[in-house]
Structures are given as C-alpha cells and as structure tokens.
Amino acid sequence: MKRFWNIKNEAGEVAELLIYGDIYDGWFSDTDSKQFAQALKSITANEIRVRINSYGGEVFGAQAIYSSLKNHPARVVVHIDGIAASAATIIDMAGDHVVMPENAMLMIHNPLVATVGDAEELRETADVLDKVRD
C-alpha cells in the first residue's frame, strides 16, 4: 500500500518518521491519519524524529497527525528537510524541538477550499474557513 509516511527503527531508542509527500484523508487517497496513528502506536522509542518534505494537503488529516504525535509519550523532534507548506506546517508544530536549515522553507497561508453549492452553502463554507484559520 502506498503511504506518504514511513517509519524506521521502530524498536530502537530513536524512531524516524518520514513525511515526504501530500497529506490527505478521504476517498481520493490510500493514505490517511488513521493509518498513521495506528503505525505510530507501534513506536516504543524515547524519541521520534519527524522529517518533513511536504507541500501539505488536507488540514483535518494534518490536525489528526499533529494530535497523534502530541499524545505520544516520546519526545518529538521535527526536521524540515525541504519544505513544510500549508497543512504540513500543522504537523511541524507537534515538535518539542524543530530543526530547520537555512535552505528549507516553511510556508503558512490562510485555508483554501474548492467548493460547489448555493449561496447559503458557500456562506457556511466561508464560516468554516474562518474557524480553521483562527
């Protein structure tokens, strides 16, 4: 099964998670935050190094990954290897320590959505975007 993440050294003192790719939950992806959380539970290391190179993706999937990392008992050290953009910035905030070299990039923006609906539905969508932003 294709995954946007990978775990190395599951049984060691330091585990490494690679988040290299887009973050999506839902019908258009075969990777999701539930699979990530289940895999994270298998880590017994004292420290988890999360290495990110991602343009982001779906905000609620990223929030679930953030929560999974924050709830894990290990110390979380995040390394931004290339780019942490959009929803990937949410995951990077789960780190107890964040390492970002000069050549890496962090890109935060207001939430975006593609939507279809009538005026009432579009107003509701705008309200949701405001909540996500806040």
*Asks:* If I compare all heavy atoms of V78 with all of D92, which pair ends up nearest, and what's the gap?
*Replies:* CG2-O, 3.7 Å
*Asks:* For the CG atom of N103 and the CE atom of M100, what is their distance to the nearest 0.5 Å?
*Replies:* 9.0 Å
*Asks:* Does R75 pair with E47 as a salt bridge, N-O distance under 4.0 Å?
*Replies:* yes
*Asks:* Nearest 0.5 Å, please: how far is OG in S54 from CG in D81?
*Replies:* 11.5 Å
*Asks:* With sequence neighbours left out, which residue pairs that include part of residues 122-134 fulfil the salt bridge (charged side-chain N to carboxylate O under 4.0 Å, His left out) condition?
*Replies:* D130-R133
*Asks:* Can you hop from I19 to L40 via hydrophobic side chains spaced under 4.5 Å?
*Replies:* yes
*Asks:* Where do A45 and A15 come nearest, in terms of heavy atoms and distance?
*Replies:* CB-N, 3.7 Å
*Asks:* Please check: side-chain N/O of N46 versus main-chain N/O of A74, any donor-acceptor pairing under 3.5 Å?
*Replies:* no
*Asks:* Measuring from atom OG of S68 to atom CD of Q38, what distance do you get when rounded to the nearest 0.5 angstrom?
*Replies:* 10.0 Å
*Asks:* Check S86 against G56 and note the closest heavy-atom contact, atom names and distance.
*Replies:* CB-CA, 4.2 Å
*Asks:* With the 4.5 Å side-chain cut-off for hydrophobic clustering, are Y55 and I91 part of the same group?
*Replies:* no
*Asks:* Has K70 got more than 12 heavy atoms of other residues, nucleotides or ligands less than 6.0 Å from its NZ?
*Replies:* yes
*Asks:* How long is the gap from CD on E58 to CD1 on I65, to the nearest 0.5 Å?
*Replies:* 9.5 Å
*Asks:* Of all heavy-atom pairs between A62 and A87, which one has the smallest distance, and what is that distance?
*Replies:* CB-O, 3.3 Å
*Asks:* So which heavy atom on L129 is nearest to which on P111, and how close?
*Replies:* O-CG, 3.4 Å
*Asks:* What are the two closest heavy atoms between P101 and I80, and how far apart are they?
*Replies:* CD-O, 3.2 Å
*Asks:* What's the separation between atom CG in L18 and atom NE2 in H79, rounded to the nearest 0.5 Å?
*Replies:* 11.0 Å
*Asks:* Does I43 share a hydrophobic cluster with L69, counting links as ILVMFWY side-chain heavy atoms below 4.5 Å and allowing steps through other members?
*Replies:* yes
*Asks:* Does I52 belong to the same Ile/Leu/Val/Met/Phe/Trp/Tyr cluster as V77, with side-chain heavy atoms less than 4.5 Å apart forming each link?
*Replies:* no
*Asks:* Let me confirm one number: the CD1-CG distance from I48 to L17, rounded to the nearest 0.5 Å.
*Replies:* 6.0 Å
*Asks:* Are L122 and D118 packed together at the side-chain level, in the sense that at least one heavy-atom pair is separated by less than 4.5 angstrom?
*Replies:* no
*Asks:* If hydrophobic clusters are built from ILVMFWY residues whose side chains come within less than 4.5 Å, do F36 and I90 share one?
*Replies:* no
